[in-house]
Amino acid sequence: MKKKIELKSVLNVLLPLVVALSVGAIIILLIGENPIAAYAALFEGAFDGKLRLGTTLAGFTPLLLTSLAFIVAAKAGAFNVGVEGEVLLGGIVAAYIGINWTFLPAPILILACFLGAMLIAALWALIPAFLKAYYDVSEVCVTILMNSVALYITNYLVSGPMSAGTTIAESKPVAVTLPKLMMPSALNAGIFIAIAVTIVMIFILQKTSLGTKIRLVGTNPANAEYTGINPKHTFIKAMMISGALGGIAGTIEVLGVHGAFLNNFASGLGNNGMLAALIANNNIITAPIISFFIAVLRSGAMGMQQATSVPKSLVDTITAVFIIFACMQLIGNIKKSKKKDSKEA
């Protein structure tokens, strides 16, 4: 039975993938190009050489973490649209610590950057979680609005107190950075941190009592409360973990990619991570695969455009098909859940 469920979840991921690529192939044919040649150019643009492969993996790292952040919140029944704001605030805190706490040894300073970013991002996620748990305020509306607030806060800091004084709004360089990999690409040791965090989160959600509580609260809060679980506390914990994951993503981008905080560097990271999570149907096992595929599409799009007359905007079309299927699956799951609840009632 368990194998059938796992097979079904894999098929739910592979089917949208095949359909999206097929739609893309039809569009390429209409343009008058060879789909096989176009896709070959896309994958070559994503994997050929250290620079291209490193760029793909560098794009995969924040996508993986932001998709995990969304999934952890979704497991508790939350729709956390505020991951991007948590990435921004985590990044600005990491930059502040990396610039000003130079009295610490380098390894401890890096650790302090991560811990500080995780703490502030988790506290930022606490606000919509508390409002939802105790006052039934929609976390979707609150997190969307808080993304703008986070952007304005960071914009003020890098344009004022933390400004490097350059024409581009950015902070001063941090004193410590993560080791670079596959130079001259932006890939860094943060990818190993992201993979380790993924393994830890899989273990927490599937093998610990906290993970069981989160899944129970997300499935049926009333039933979870009946079994002795406090659904409000568990919901808040899940949202704070989600925020902390966003903080880790922001720290890796600041310490590993940019070496400073660039204004609005996280634009699109939260939405792309949410997209990957939705396509994976909030499955924490398949989310890394989808995140990697999206990173490949975005990294190889320019190579496809240069080698053929297929515009890189085709990637947006393929992504849109993914979104349609993700929404169809989400609506289908909601209807099944309602039918199940009505039968139990």
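One finds the OG atom of Ser171 at 10.5 Å from the CG atom of Asn263 (value rounded to the nearest 0.5 Å). The structure places CD1 of Ile110 at 11.5 Å from CG of Leu104, a figure rounded to the nearest 0.5 Å. Atom CG of Leu88 is separated from atom CG of Leu157 by 11.5 Å, given to the nearest 0.5 angstrom. Expressed to the nearest 0.5 Å, how far CD1 of Ile92 lies from CD1 of Ile97 amounts to 11.0 Å. Distance check, rounded to the nearest 0.5 Å: CE of Met182 to CD1 of Ile191 gives 8.0 Å. Taking CG of Asn271 as the reference point, atom CG of Asn147 lies at 8.0 Å (rounded to 0.5 Å).
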Practice problem: Show your working on side-chain contact (heavy atoms from CB on, under 4.5 Å) between Phe114 and Ile193 and close with a plain yes or no. | Solution: CA-CA 11 Å; Phe114 275 98; Ile193 297 172; 3.6 Å; yes

Exercise. Could you give me the CA-CA distance, side-chain angles and deciding distance for Leu216 and Ile229, then say whether side-chain contact (heavy atoms from CB on, under 4.5 Å) is met?
Key: CA-CA 9 Å; Leu216 283 174; Ile229 299 170; 3.6 Å; yes

Quiz item: side chain to side chain donor-acceptor pair (under 3.5 Å) between Ser291 and Ser67: does it pass, once the steps are laid out?
Solution: CA-CA 7 Å; Ser291 299; Ser67 67; 3.3 Å; yes

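Not one N or O on the side chain of Lys75 forms a donor-acceptor pair closer than 3.5 Å with the backbone of Asn283. Side-chain N or O atoms of Ser299 include none that pairs as donor or acceptor with a backbone N or O of Val296 at under 3.5 Å. Using a distance-only test at 3.5 Å, with no hydrogens or angles considered, a donor-acceptor pair links the side chain of Asn34 to the main chain of Ile36. Within the 3.5 Å criterion, the main-chain N or O of Tyr156 finds no donor-acceptor partner in the side chain of Ser159. In terms of modelled atom types and a separation under 3.5 Å, the side chain of Thr234 and the main chain of Asn230 share a donor-acceptor contact. Checking side-chain atoms of Glu33 against main-chain N and O of Thr308 turns up no donor-acceptor pair under 3.5 Å. With hydrogens and angles ignored, the 3.5 Å screen pairs a side-chain donor or acceptor of Asn100 with a backbone N or O of Tyr96. The backbone N or O of Ala69 sits less than 3.5 Å from a side-chain atom of Ser242, completing a donor-acceptor pair.
Of all heavy-atom pairs between Thr102 and Ala175, the closest is CG2-CB, 3.6 Å. Between Leu109 and Gly98, the shortest heavy-atom distance links the atoms CD2-O, 4.2 Å. Here the shortest heavy-atom pairing between Met146 and Pro128 reads SD-CD, 3.6 Å. The two residues Met304 and Pro311 come nearest to each other via the heavy atoms CE-O, 3.8 Å. In terms of heavy atoms, Ala46 sits closest to Thr56 at O-OG1, 2.6 Å. When every heavy atom of Gly91 is checked against every heavy atom of Val254, the shortest pair comes out as O-CG2, 3.5 Å.
Applying the salt bridge (charged side-chain N to carboxylate O under 4.0 Å, His left out) test to residues at least two apart or on different chains, none of the pairs has a partner in residues 147-162. For residues 167-190, no pair satisfies salt bridge (charged side-chain N to carboxylate O under 4.0 Å, His left out), with sequence neighbours left out. Listed by first then second residue, pairs satisfying ring pair (Phe, Tyr, Trp, His ring centres under 6.0 Å) with a partner in residues 193-247 number zero, not counting sequence neighbours. Residue pairs meeting the salt bridge (charged side-chain N to carboxylate O under 4.0 Å, His left out) criterion with at least one partner in residues 45-69, sequence neighbours excluded, are Asp48-Arg52. Contacts classified as ring pair (Phe, Tyr, Trp, His ring centres under 6.0 Å) and involving residues 236-273 (residues at least two apart or in different chains) are given here: His258-Phe265, Phe261-Phe265. Residue pairs that meet the salt bridge (charged side-chain N to carboxylate O under 4.0 Å, His left out) test with at least one member in residues 186-204, sequence neighbours left out, do not exist here.
No option in Ile28, Ile26, Ile27 other than Ile28 meets the side-chain contact (heavy atoms from CB on, under 4.5 Å) test with Pro35.
Leu115 and Leu123 end up in different hydrophobic clusters when Ile, Leu, Val, Met, Phe, Trp and Tyr side chains are linked at under 4.5 Å. Cluster membership for Val93 and Phe103, using ILVMFWY side-chain heavy atoms within less than 4.5 angstrom, is shared. Clustering ILVMFWY residues whenever any of their side-chain heavy atoms sit less than 4.5 angstrom apart, transitively, puts Ile31 in the very cluster that holds Leu314.
For Thr66, there are no side-chain hydrogen bond (donor to acceptor under 3.5 Å, both in side chains) partners two or more places apart in sequence or in a different chain. Residues forming a side chain to side chain contact (heavy atoms under 4.5 Å, CB included) with Ser138 (at least two apart in sequence, or on another chain): Val140, Cys141. Looking at residues two or more places apart in sequence or on another chain, you find a side chain to side chain contact (heavy atoms under 4.5 Å, CB included) between Glu225 and Pro231. Take Lys132 and apply the salt bridge (Lys or Arg N to Asp or Glu O under 4.0 Å) test, not counting sequence neighbours, and it matches Asp136, Glu139. Checked against side-chain hydrogen bond (donor to acceptor under 3.5 Å, both in side chains), Thr154 has no partners two or more places apart in sequence or in another chain. A search for side chain to side chain contact (heavy atoms under 4.5 Å, CB included) contacts involving Ile284 returns Leu68, Ile71, Met201, Ile202, Leu205, Gln206, not counting sequence neighbours.
Annotation: side chain of Leu21 is in contact with side chain of Phe293 (closest heavy-atom distance under 4.5 Å). At a threshold of 4.5 Å between non-hydrogen side-chain atoms, the residues Leu57 and Phe292 count as touching. Arg298 places a side-chain heavy atom less than 4.5 Å from the side chain of Asn272. At a threshold of 4.5 Å between non-hydrogen side-chain atoms, the residues Leu181 and Asn188 do not count as touching. Counting heavy atoms from C-beta outward, Met239 and Leu126 have side chains that stay 4.5 Å or more apart. No side-chain heavy atom of Thr55 sits under 4.5 Å from any side-chain heavy atom of Leu187.
Atom CG of Leu30 sits in a crowded spot, with more than 12 heavy atoms from other residues, nucleotides or ligands closer than 6.0 Å. Applying the 6.0 Å contact sphere to OH of Tyr134 captures more than 12 heavy atoms from other residues, nucleotides or ligands.
The aromatic rings of Phe79 and Phe70 lie perpendicular to each other, with more than 60° between the two planes, well past the 30° mark.
Between the side chains of Asn80 and Thr143, no donor-acceptor pair of N or O atoms lies under 3.5 Å.
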